[in-house]
Amino acid sequence: QKLRIYETNQAMRLSQFLILLVATCNYSQRCNLIYAFITHPPNPKYCFQCGKGQRRYVATKGESEHQLNKHQGNHGDNESKRKQGNSSQQRYKAKASYQKFHRNKNDLIKKIQNCTNFDELFGLQSRTEISYFYISHYWNQALRFMYDELECQKVQNNPEILKPLVKLTLACSNKLNNPRSLGIITNAISKISSRARKPIIDSDRLWQVLENNIVEAAKTNTFDSKSCSNILWIFAKRNGKSDQLFSIMESQALSNIDTSNSREI
């Protein structure tokens, strides 16, 4: 009876072992799991961590290399996606910054154009950030005020009223290299002086700065026909003796002769 009980227990243990073996082989998808653990302990080089919710098992050399390559490939894809995401984010920020700059620029230009007198204009200039880009707009608006009798009389009685704008122009003289802006500033200063019947403050320094900047700008930029005609006419009226300016602006005018109208010619 004891022998039968012993044999029954052994048979049950053997059946449990076989069931465990079959289940393990089916789960591991390889039949070498038991053999690997019996013959030699697992080599960490050929082991890897499965995903969450899965078990660890010993992989063959080829399988581990395949998994490693796959992991590296996924890591490379993730890295490239991350870089693409960063570059896209940087482009978005640059675009947003560019749009914000132009919105602010247009807003300030509108504010300049909406000023109705010199006090409002120079008050706006003192409250906003100094930038050479808006100097031509300030001068153009100041010229518009000169066609108002009261504002023109202010300049006639006190030419130093334009001192803030003159000071800003001289401070940013090394950055004034846009042909259109130079043409606008030259025209505005000339007509303001003419309507005030007296030179504005620091006029000699202003004309010298404008002359030098026009010569330098003409070496690398093209002046349109209107700017060329205004600059040549204004400096000729001032009895200018700058051979370099007239020579270089002559070349500019000839290059635009086909697009010039009768007034500009």
Side-chain angles (χ1 to χ4, degrees), residues 102 105-106 108-113 115 118 121-122 124-125 130-147 151-152 155 159 162-196 198-265:
H102 277 273
K105 180 186 75 173
N106 294 333
L108 182 55
I109 292 174
K110 289 180 180 179
K111 289 180 181 179
I112 294 172
Q113 294 173 348
C115 293
F118 283 111
L121 184 67
F122 297 139
L124 177 63
Q125 178 189 338
I130 296 177
S131 175
Y132 68 94
F133 178 82
Y134 304 103
I135 293 177
S136 61
H137 295 280
Y138 281 112
W139 277 111
N140 196 44
Q141 189 66 13
L143 174 60
R144 293 176 184 175
F145 296 155
M146 295 302 294
Y147 292 92
E151 297 300 312
C152 181
V155 179
L162 297 172
K163 186 175 181 179
L165 188 51
V166 173
K167 186 177 179 179
L168 175 62
T169 305
L170 294 175
C172 300
S173 60
N174 59 335
K175 298 180 180 179
L176 296 175
N177 53 13
N178 182 271
R180 182 174 176 81
S181 297
L182 289 170
I184 292 173
I185 295 172
T186 302
N187 182 61
I189 293 175
S190 175
K191 288 186 176 180
I192 289 173
S193 301
S194 176
R195 295 191 67 83
K198 59 180 65 175
I200 62 177
I201 184 174
D202 286 334
S203 60
D204 292 337
R205 291 180 60 192
L206 278 175
W207 286 115
Q208 188 62 46
V209 166
L210 289 173
E211 180 179 337
N212 294 338
N213 287 13
I214 290 170
V215 171
E216 290 299 321
K219 294 178 181 179
T220 55
N221 299 285
T222 301
F223 286 73
D224 56 35
S225 55
K226 183 177 181 179
S227 297
C228 287
S229 62
N230 285 340
I231 290 171
L232 287 171
W233 176 255
I234 290 167
F235 276 90
K237 284 179 63 177
R238 293 190 68 254
N239 296 322
K241 299 180 180 180
S242 177
D243 295 336
Q244 188 179 10
L245 183 140
F246 285 109
S247 175
I248 200 166
M249 291 308 296
E250 177 186 359
S251 301
Q252 292 277 342
L254 291 175
S255 65
N256 296 321
I257 195 67
D258 294 333
T259 60
S260 301
N261 55 36
S262 58
R263 179 180 176 84
E264 292 165 351
I265 292 175

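All figures in this text were calculated on a predicted structure; none of them were measured in a lab.
- Screening residues 162-183 for ring-ring contact (aromatic ring centres under 6.0 Å, His included), with sequence neighbours left out, gives no hits.
- Between Ile109 and Phe133, the closest side-chain pair of non-hydrogen atoms falls below 4.5 Å.
- More than 12 heavy atoms of other residues, nucleotides or ligands shown are found within 6.0 angstrom of CD on Gln113.
- The distance from the CG atom of Leu206 to the CD1 atom of Ile185 is 9.0 Å, given to the nearest 0.5 Å.
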Self-check item: Ser227 and Leu182: CA distance, side-chain angles, deciding distance, side-chain contact (heavy atoms from CB on, under 4.5 Å) verdict
Solution: CA-CA 8 Å; Ser227 297; Leu182 289 170; over 6 Å; no
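- By the side-chain contact (heavy atoms from CB on, under 4.5 Å) test, Val155 pairs with Phe118, Met146, Ile161, Leu162, Ala196, sequence neighbours left out.
- Gln244 contributes no side-chain N or O that, together with a main-chain N or O of Val215, makes up a donor-acceptor pair within less than 3.5 Å.
- Under the rule for a side-chain hydrogen bond (donor to acceptor under 3.5 Å, both in side chains), the partners of Asn212 that lie at least two apart in sequence or sit in another chain are Gln208.
- Here Ile257 contributes atom CD1 and Thr259 contributes atom OG1; the two are 8.0 Å apart, rounded to the nearest 0.5 Å.
- Side-chain N or O atoms of Asn140 include none that pairs as donor or acceptor with a backbone N or O of Ile184 at under 3.5 Å.
- Of all non-hydrogen atoms in Ser260 and Asn256, the two that sit nearest each other are OG-O, 2.8 Å.
- To the nearest 0.5 Å, atom CH2 of residue Trp139 and atom CG of residue Leu165 are 4.5 Å apart.
- Residues passing the side-chain hydrogen bond (donor to acceptor under 3.5 Å, both in side chains) test with Gln141 are Arg144, sequence neighbours excluded.
- Residues passing the side-chain contact (heavy atoms from CB on, under 4.5 Å) test with Asn177: none are found, sequence neighbours excluded.
- The stretch residues 185-195 participates, sequence neighbours left out, in no side chain to side chain donor-acceptor pair (under 3.5 Å) pair at all.
- With rounding to the nearest 0.5 angstrom, the CH2 atom of Trp207 is 5.5 Å from the CD1 atom of Ile234.
- Looking at residues two or more places apart in sequence or on another chain, you find no ring-ring contact (aromatic ring centres under 6.0 Å, His included) involving Tyr138.
- By the side-chain contact (heavy atoms from CB on, under 4.5 Å) test, Asn261 pairs with Arg263, Glu264, sequence neighbours left out.
- Remark: the backbone N or O of Ser181 is paired with a side-chain donor or acceptor of Asn178 at under 3.5 angstrom.
- Minimum interatomic distance between Leu143 and Ala188 (heavy atoms only, all atoms of both residues): CD2-CA, 4.0 Å.
- Side-chain contact between Ile135 and Cys172: present, with at least one pair of heavy atoms (C-beta onward) separated by less than 4.5 Å.
- Using a 4.5 Å cut-off on side-chain heavy atoms (C-beta onward), Ile200 and Pro159 make no contact.
- Residue pairs meeting the salt bridge (Lys or Arg N to Asp or Glu O under 4.0 Å) criterion with at least one member in residues 210-230, sequence neighbours excluded: Glu216-Lys219.
- Partners of Pro199 according to the side-chain contact (heavy atoms from CB on, under 4.5 Å) rule, which considers only residues two or more places apart in sequence or in another chain, are Ser203.
- Looking at every heavy atom in both residues, Phe223 comes nearest to Cys228 through CB-SG, 3.5 Å.
- The two atoms that bring Val209 and Ser173 nearest to each other are CG1-CB, 3.4 Å, heavy atoms only.
- Remark: the backbone N or O of Ser225 is not paired with any side-chain donor or acceptor of Gln252 at under 3.5 angstrom.
- To the nearest 0.5 Å, the span separating CD1 on Ile231 from CG on Leu210 amounts to 8.5 Å.
- The closest side-chain heavy-atom distance from Phe145 to Cys115 is below 4.5 Å.
- By the neighbour-count criterion of 12 heavy atoms within 6.0 Å, atom NZ of Lys198 is densely surrounded, having more than that number from other residues, nucleotides or ligands.
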Quiz item: Do Tyr134 and Leu168 pass the side-chain contact (heavy atoms from CB on, under 4.5 Å) test, and can you show the C-alpha distance, the side-chain angles, and the key distance before you say yes or no?
Solution: CA-CA 10 Å; Tyr134 304 103; Leu168 175 62; over 6 Å; no
